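Below is one structure, written out as structure tokens; comments come after it.
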Amino acid sequence: MRIVTYNVNSINARLPNLLRWLQETTPDVVCLQELKAPQEKFPEAAIREAGYGVIWHGQKSYNGVGILARNAEPTEIRRVLPGDPEDAHSRYIEATVNGVLIGCLYLPNGNPAPGPKFDYKLRWLERLRIHAAELFARETPVVLTGDYNVIPTERDVYKPERWVDDALFRVETREAFGRIMSQGWVDAVRTLHPDAQIFTFWDYFRNAYQRDAGLRIDHHLLNPAAARLLERAGVDREVRGWDKASDHAPVWIELGGSN
DNA sequence: ATGGCTGCAAGATGCAGA
């Protein structure tokens, strides 16, 4: 079972790329972030014609998340991260697919820091910690995946000293992320590739992709039942080099077992 | 330190992204 997280940076601007990538790699589950489309503007027909069941939570202009399942319908559990009834951003959606619980998240960027946006990011991380604790305890596989907008360590950024004051790499951010990890979650990509330099995002400026000036900010977190099934993990980094590409690349894991 | 690029909602430019 191949599960992928992909920040598409506009589902409609990226639709040709997305369909090509679906056809070439046939993932089983795809978690999308930054749909940048209101609920009614999601290209549902094209996704279904490609062979995928889908649920999504859109929003005008910004944010938006969705879960695709090949030859299956995701069973929705929730479309809001608990803990703040005032939060109107579409940043979380959760479903089960073939017995695996999938949490698809788009964590706030948080820049500029410090400031209200950074405060929102830290509150969101704390809400995620509380919800993650409940998910972690399940005896069935749980994959908490998405665009975390967190650079976990110095090896996950091309030039750490340039990012120390950025909301993605500030000490408060890494510590909040660390509190979630300390529940026992397995960072799938880093666990299988402990020494590799792996990036999942390259910004549009300064030929960042050509220079490989990237960040690793899209992550798959696995609970013990999921970690036991983990077989492979990687990044479809060539997709970042396609014409009209998102600034993120798809990040995938493969779980073994009956699926 | 700044700006470089991209998409959205606009119908010019400002916001947001990371």
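Below, read A as the first sequence line, B as the second, and so on, with proteins coming before strands; counting in each chain starts at 1. In this text, all values refer to a predicted model and were calculated from it rather than measured experimentally.
Counting any heavy atom pair closer than 4.0 Å across all strands shown, A:D147 reaches sugar-phosphate atoms only and no base atom. Within 4.0 Å of A:Y106, counting heavy atoms only, lie sugar-phosphate atoms of the nucleic acid but no base atom. Using a 4.0 Å heavy-atom distance criterion, A:H89 is classed as making no nucleic acid contact. When heavy atoms are screened at a 4.0 angstrom cut-off, A:N7 is found touching the sugar-phosphate backbone but no base atom. Among the protein residues, A:K121 comes within range of no part of the nucleic acid, since none of its heavy atoms lies under 4.0 Å from any strand.
Taking atom C1' in both B:dG11 and B:dA1, the straight-line distance is 33 Å, to the nearest Å. The separation of B:dT6 from B:dA10, taken at their P atoms, amounts to 23 Å, rounded to a whole angstrom. Straight-line distance between the P atoms of B:dG3 and B:dG14: roughly 14 Å, to the nearest whole Å. Comparing B:dG7 with B:dA12, their C1' atoms are spaced 16 Å from each other, to the whole Å.
The closest side-chain donor-acceptor pair between A:N7 and A:D218, if any, does not fall under 3.5 angstrom. Of the N and O atoms on the side chains of A:K244 and A:N17, not one donor lies less than 3.5 Å from an acceptor on the other residue. With hydrogens and angles left out, the side-chain atoms of A:Y92 and A:N63 include no donor and acceptor closer than 3.5 Å.
If you measure from atom CG of A:L35 to atom P of B:dA9, you get 12 Å, rounded to the nearest angstrom. Distance A:D203 CG to B:dG7 C1': 15 Å, rounded to the nearest Å. Distance A:I11 CD1 to B:dT6 P: 19 Å, rounded to the nearest Å.
Salt bridge status for A:D247 with A:R240: absent, with no side-chain N to carboxylate O gap under 4.0 Å.
At the phosphate of B:dC8, neither OP1 nor OP2 sits under 4.0 Å from any side-chain N or O atom of A:R14. Distances shown here put a side-chain N or O of A:S10 below 4.0 Å from the OP1 or OP2 atom of B:dC8. For B:dC8, neither phosphate oxygen OP1 nor OP2 lies less than 4.0 angstrom from any side-chain nitrogen or oxygen of A:K41. The phosphate of B:dA9 has neither OP1 nor OP2 within less than 4.0 Å of any side-chain N or O from A:K36.
Distances from the side chain of A:Y204 to the nucleotides B:dG7, B:dT6, B:dA16 place B:dT6 closest. Taking every side-chain heavy atom of A:K60 into account, B:dA10 is the closest of B:dG7, B:dA10, B:dG17. Among the nucleotides B:dG7, B:dA16, B:dC5, the one closest to the side chain of A:F205 is B:dC5. Residue A:A13 places its side chain closer to B:dG7 than to any other of B:dG17, B:dA9, B:dG7. Of the candidates B:dG17, B:dG4, B:dA9, B:dG4 carries the atom nearest the A:R206 side chain, counting heavy atoms from C-beta on.
Aromatic ring pairs are classed by plane angle as parallel below 30°, tilted from 30° to 60° and perpendicular above 60°; the pair A:Y148 and A:H219 is tilted.
Of the residues near DNA chain B, A:Y62 and A:E34, the one whose nearest nucleotide (by heavy atom distance) lies more toward the 5' end is A:Y62. Nucleotides of DNA chain B nearest to A:R91 and A:A245 differ in position, and the one nearer the 5' end is that of A:A245.
Geometric assessment of A:R174 against the ring of A:F169 yields a positive cation-pi assignment under the 6.0 Å and 45° thresholds.
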